[in-house]
Amino acid sequence: MELRRGLSIAIVVTASAVSAQDAEPAAQRLSEFRAQVDGLADPAAAIAFATQSPRGSLVGWIVVEAQGRRVQVLDGEGNRAKEAEEWEYFVNESFELVEPSGITQTLDGRLCVSDSGSHCVTFGGGLCLGGRGTAPGEFNTPRGICIAGEKLYVADSRNDRVQVLDLDGKPLFVIGSRGTSEGHFLAPLDVAVDAEENVYVADSDNHRVQKFDSHGAFLKTWGDFGSYPGQFASPTSLDVVGERVYVVDRENHRVQVFDREGAWLYEMGVHALLPREGQGKIHYPDAVAVSADGTRMLVCEGFENRAQIFGIQPPLDPNEPPPIPQERNIAAHYGPEVGAAGNLIAVLEPGASTLALFRTELPEPVQITSIGIHGTRSGELLRPYDAAIDLERKRIHVSDPANARLSTYAIVGDFEGELKNDPYLLAFARSLDFVKLHELGKDLGARWLIEPEAIALDAHGRLYVCDPRNLEVWIVDADFKLVGKLDTGTDPFVAPAGVAVHPDGRVFVVDRLSGRVRVFGTDGRASGDFARDGLIAPSGLAVDHAGRVWVSDRATAMLACYSAEGALLERVGAPGLAPDQYFKPRGLAVDGRGELVVLDWGNHRGVLRGIEGDSAGRIVGWFGSRLFTRELREQKR
């Protein structure tokens with residue numbers, strides 16, 4: 001497979017020798033900062049280990065890096081394996097990975113990695129289980145995995161289920177299916193098993209943890225959407241050690257700890273507020289791994305390309321009041337994509353399930369309204385992802401992959417007159433529910449339920465909708481009817497992540513994992529591609545008024561500009577906070593003045609960059625967190 005070239009990674013394998021029953025005593029809290037490991041390439045998951053070498057006992061963690069497409073070994077202090085002589089005593093294995101997202105280990109020390117990019121679960125040495133599909137033993141974007149005894153548990157996220165297999169890959173049984181009721185899932189992202197073989201699942205888009213017995217029968221659930229103790233905002237990972245369940249509460253920037261019956265014990269993590277702040281401050285954690293003796297915990301933060309290690313907090317003074325849980329502020333925690341048209345910019349705040357609308361007349365665009373309620377009913381949002389503004393029809397379309405729905409909000413007030421906040425400027429108008437289309441068989445033969453993410457609007461009011469579940473880009477007409485899809489021919493998408501429409505009607509699509517931009521003619525058929533060797537982690541896409549194609553690259557913090565025929569015209573940007581510096585830039589759009597709107601996702605801000613005339617190359621506007629826009633506010637429009 002072409003994507004795997006150059007991805008063979010040598011790692012050292014260790015065997016766990018400590019029982020998970022040596023658990024953290026009830027009075028202890030794992031919240032004392034010990035070490036920070038920087039320079040990881042999007043760490044996505046980890047496991048703890050302890051083993052014996054000729055030089056004594058070794059403890060540490062094995063981490064998978066999604067963007068680095070590799071496995072990394074850290075000792076107990078966070079040092080990389082290559083920096084410690086002791087690792088020479090371990091056996092080497094190799095993996096070929098596209099986008100690793102989970103890791104576990106057999107009792108005899110073999111590593112097992114889930115690869116969401118190739119939709120399989122692989123053991124070192126080439127044994128690969130699964131493949132993309134819906135049948136037992138097949139996966140769609142497998143994430144967290146766990147081995148307990150002779151059983152392999154897989155969070156089969158885009159099939160909305162947990163699969164249980166033996167270690168040869170034979171399917172044993174399935175837990176759950178898509179839904180919001182007990183025993184059903186919306187994007188399960190991790191799975192863990194306790195000593196009695198009870199199964200715990202991080203049910204991410206339902207914002208809860210579910211517990212099942214060893215045969216997959218539902219036992220209980222806890223949590224709902226919110227920021228108070230015991231509530232969650234996108235739980236992404238969990239670990240069970242002894243009597244405790246550790247849950248990563250990603251959008252709340254914390255790890256919550258429960259007993260095995262779901263009773264809340266404590267939370268740890270102080271939300272990082274300053275740019276790149278760490279050293280015990282946590283920012284969008286992705287995964288947790290606790291040592292078997294319960295004395296150390298590693299937290300992966302893919303957003304910050306780092307991991308942090310925590311130990312047991314010293315006993316609290318009994319005369320001191322208990323700590324007050326931190327208030328969770330989601331302001332300016334924008335989603336990955338952005339929409340723009342005329343004097344308007346639309347951004348999403350997934351943590352609040354809202355759409356925020358800005359006007360661009362001032363150097364710092366002013367928010368003039370917001371709309372959105374968390375929920376599953378019509379007009380409500382679960383995980384808003386992208387927005388497209390149709391000024392001609394006074395509509396704003398919002399994609400919501402968790403609800404499998406497109407929602408449209410009508411602009412019913414004045415957005416061009418007096419600059420003011422108007423809470424009634426937007427009103428829910430209609431939605432296109434892909435769940436119902438799937439149930440009725442009217443989704444044009446889609447194999448899976450359509451999951452809308454990045455969207456783009458053309459001059460005729462048609463929407464082009466990236467669907468990472470089916471690996472398709474669908475076409476929705478101006479009457480909100482699903483009418484077709486782009487024709488990839490014999491070269492299917494690997495991971496469609498961004499879409500934009502050229503003034504001449506051609507459609508451009510970022511295919512993230514293959515690192516290229518796909519081009520489609522006005523007839524919807526593939527007509528070529530470019531940038532195959534120039535992009536590492538492309539995400540956002542926009543076409544400016546001159547027909548140039550702009551692509552954001554999360555890995556390099558750069559923006560690349562191409563002609564419509566694929567010739568590289570320029571690269572701009574660098575990591576940082578200064579003008580024309582970015583951190584993990586994602587969504588791109590072009591406003592009515594021809595300025596490029598960059599959703600500087602990792603810096604919690606939006607940036608307006610001049611790309612033509614006297615303003616070319618200058619930052620001419622910004623919005624977002626004051627702490628992250630401080631350097632930009634010194635600039636003049």
Side-chain angles (χ1 to χ4, degrees), residues 337-342 344-346 348 355 384-401 403-411 428-434 436-438 442-446 449-489 493 496-511 517-528 540-545 547 549-550 564 587-592 597:
E337 297 292 333
V338 64
L344 298 179
I345 297 175
L348 293 314
L355 160 69
Y385 193 94
D386 196 6
I389 302 174
D390 187 345
L391 280 185
E392 180 180 342
R393 298 165 183 83
K394 292 189 176 182
R395 297 285 190 267
I396 301 179
H397 306 292
V398 176
S399 63
D400 185 353
N403 271 323
R405 190 160 62 206
L406 293 172
S407 294
T408 297
Y409 300 90
I411 303 174
F428 172 69
R430 62 183 178 182
S431 63
L432 179 58
D433 190 334
F434 292 112
K436 292 181 180 178
L437 287 186
H438 194 67
K442 295 182 178 181
D443 54 0
L444 305 185
L449 175 68
I450 292 173
E451 181 179 305
E453 286 195 346
I455 58 177
L457 192 72
D458 73 6
H460 304 287
R462 289 185 297 241
L463 278 173
Y464 294 85
V465 181
C466 288
D467 172 12
R469 190 187 297 253
N470 284 282
L471 304 184
E472 303 281 9
V473 174
W474 302 94
I475 305 171
V476 175
D477 70 12
D479 294 323
F480 240 37
K481 295 180 180 178
L482 183 67
V483 296
K485 63 182 180 180
L486 296 182
D487 183 359
T488 60
F493 290 118
V499 59
V501 182
H502 193 277
D504 66 11
R506 284 181 291 172
V507 180
F508 296 80
V509 180
V510 162
D511 200 2
V517 176
R518 305 282 301 274
V519 186
F520 296 83
T522 55
D523 60 358
R525 295 183 179 181
S527 61
L541 188 67
V543 178
D544 65 23
H545 296 169
V549 181
W550 292 83
L588 299 176
V590 176
D591 68 11
V597 183

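Numbers for residues simply follow the sequence, beginning at 1.
In this structure, CG on Leu344 lies 5.5 Å from CD1 on Ile411, to the nearest 0.5 angstrom. Here CD1 of Ile455 is found 4.5 Å from OG of Ser399. Values are rounded to the nearest 0.5 Å. The CG atom of Asp443 lies 11.5 Å from the CG atom of Asp433; values are rounded to the nearest 0.5 Å.
The heavy-atom pair separating Gly540 from Val510 by the smallest distance is O-CG2, 4.0 Å. For the residue pair Arg405 and Asn403, the shortest heavy atom distance occurs at NH2-ND2, 3.1 Å. Between Phe508 and Leu541, the shortest heavy-atom distance links the atoms O-CD2, 3.0 Å. Across all non-hydrogen atoms, the minimal contact from Val543 to Val590 is O-CG2, 3.7 Å. The two residues Leu449 and Ala404 have their closest heavy-atom pair at CD2-CB, 3.8 Å. Nearest heavy atoms, Leu348 versus Glu337: CD2-O, 4.3 Å.
Residues meeting the salt bridge (Lys or Arg N to Asp or Glu O under 4.0 Å) test with Asp458, sequence neighbours left out: Arg462. Annotation: salt bridge (Lys or Arg N to Asp or Glu O under 4.0 Å) contacts of Arg525 (sequence neighbours excluded): none. The salt bridge (Lys or Arg N to Asp or Glu O under 4.0 Å) test applied to Asp504 returns Arg506, not counting sequence neighbours. In this view, Asp400 satisfies the salt bridge (Lys or Arg N to Asp or Glu O under 4.0 Å) rule with no residue, not counting sequence neighbours. Every side chain to side chain contact (heavy atoms under 4.5 Å, CB included) that Ala340 has, sequence neighbours left out, goes to Ile345, Ala589, Asp591, Val597.
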For this session: Take Leu457 and Tyr464 through the side chain to side chain contact (heavy atoms under 4.5 Å, CB included) test and state the conclusion after the steps.
Result: CA-CA 6 Å; Leu457 192 72; Tyr464 294 85; over 6 Å; no
For this session: Take Ile450 and Leu437, measure what side chain to side chain contact (heavy atoms under 4.5 Å, CB included) needs, and give me the verdict at the end.
Result: CA-CA 9 Å; Ile450 292 173; Leu437 287 186; 5.8 Å; no
For this session: Given side chain to side chain contact (heavy atoms under 4.5 Å, CB included), test Leu486 with Val509 step by step and report yes or no.
Result: CA-CA 10 Å; Leu486 296 182; Val509 180; 3.8 Å; yes
Problem set entry | Criterion side chain to side chain contact (heavy atoms under 4.5 Å, CB included) on Leu482 and Leu444, from CA distance to verdict | CA-CA 8 Å; Leu482 183 67; Leu444 305 185; 3.8 Å; yes
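Side-chain contact between Val476 and Leu432 is present, with at least one heavy-atom pair separated by less than 4.5 Å. Contact annotation: the side chain of Glu453 never approaches that of Asp386 to less than 4.5 Å [non-hydrogen atoms, C-beta and beyond]. Considering only heavy atoms from C-beta on, Ile475 stays 4.5 Å or farther from Leu463 through its side chain. With contacts defined as side-chain heavy-atom distances shorter than 4.5 Å, the pair Ile396/Leu355 qualifies.
Formation of a donor-acceptor pair under 3.5 Å by the Asp467 side chain with backbone atoms of Val473 is not found in this model. The backbone N or O of Ser407 sits nowhere less than 3.5 Å from a side-chain atom of Ser431 that would complete a donor-acceptor pair. His397 places no side-chain N or O within 3.5 Å of a backbone atom of Thr408 that could act as its donor or acceptor partner.
Listed by first and then second residue, the salt bridge (charged side-chain N to carboxylate O under 4.0 Å, His left out) pairs involving residues 470-483 are Glu472-Lys485 (not counting sequence neighbours).
Checked against the 6.0 Å centroid criterion, the rings of Phe520 and Phe493 qualify as a close aromatic pair.
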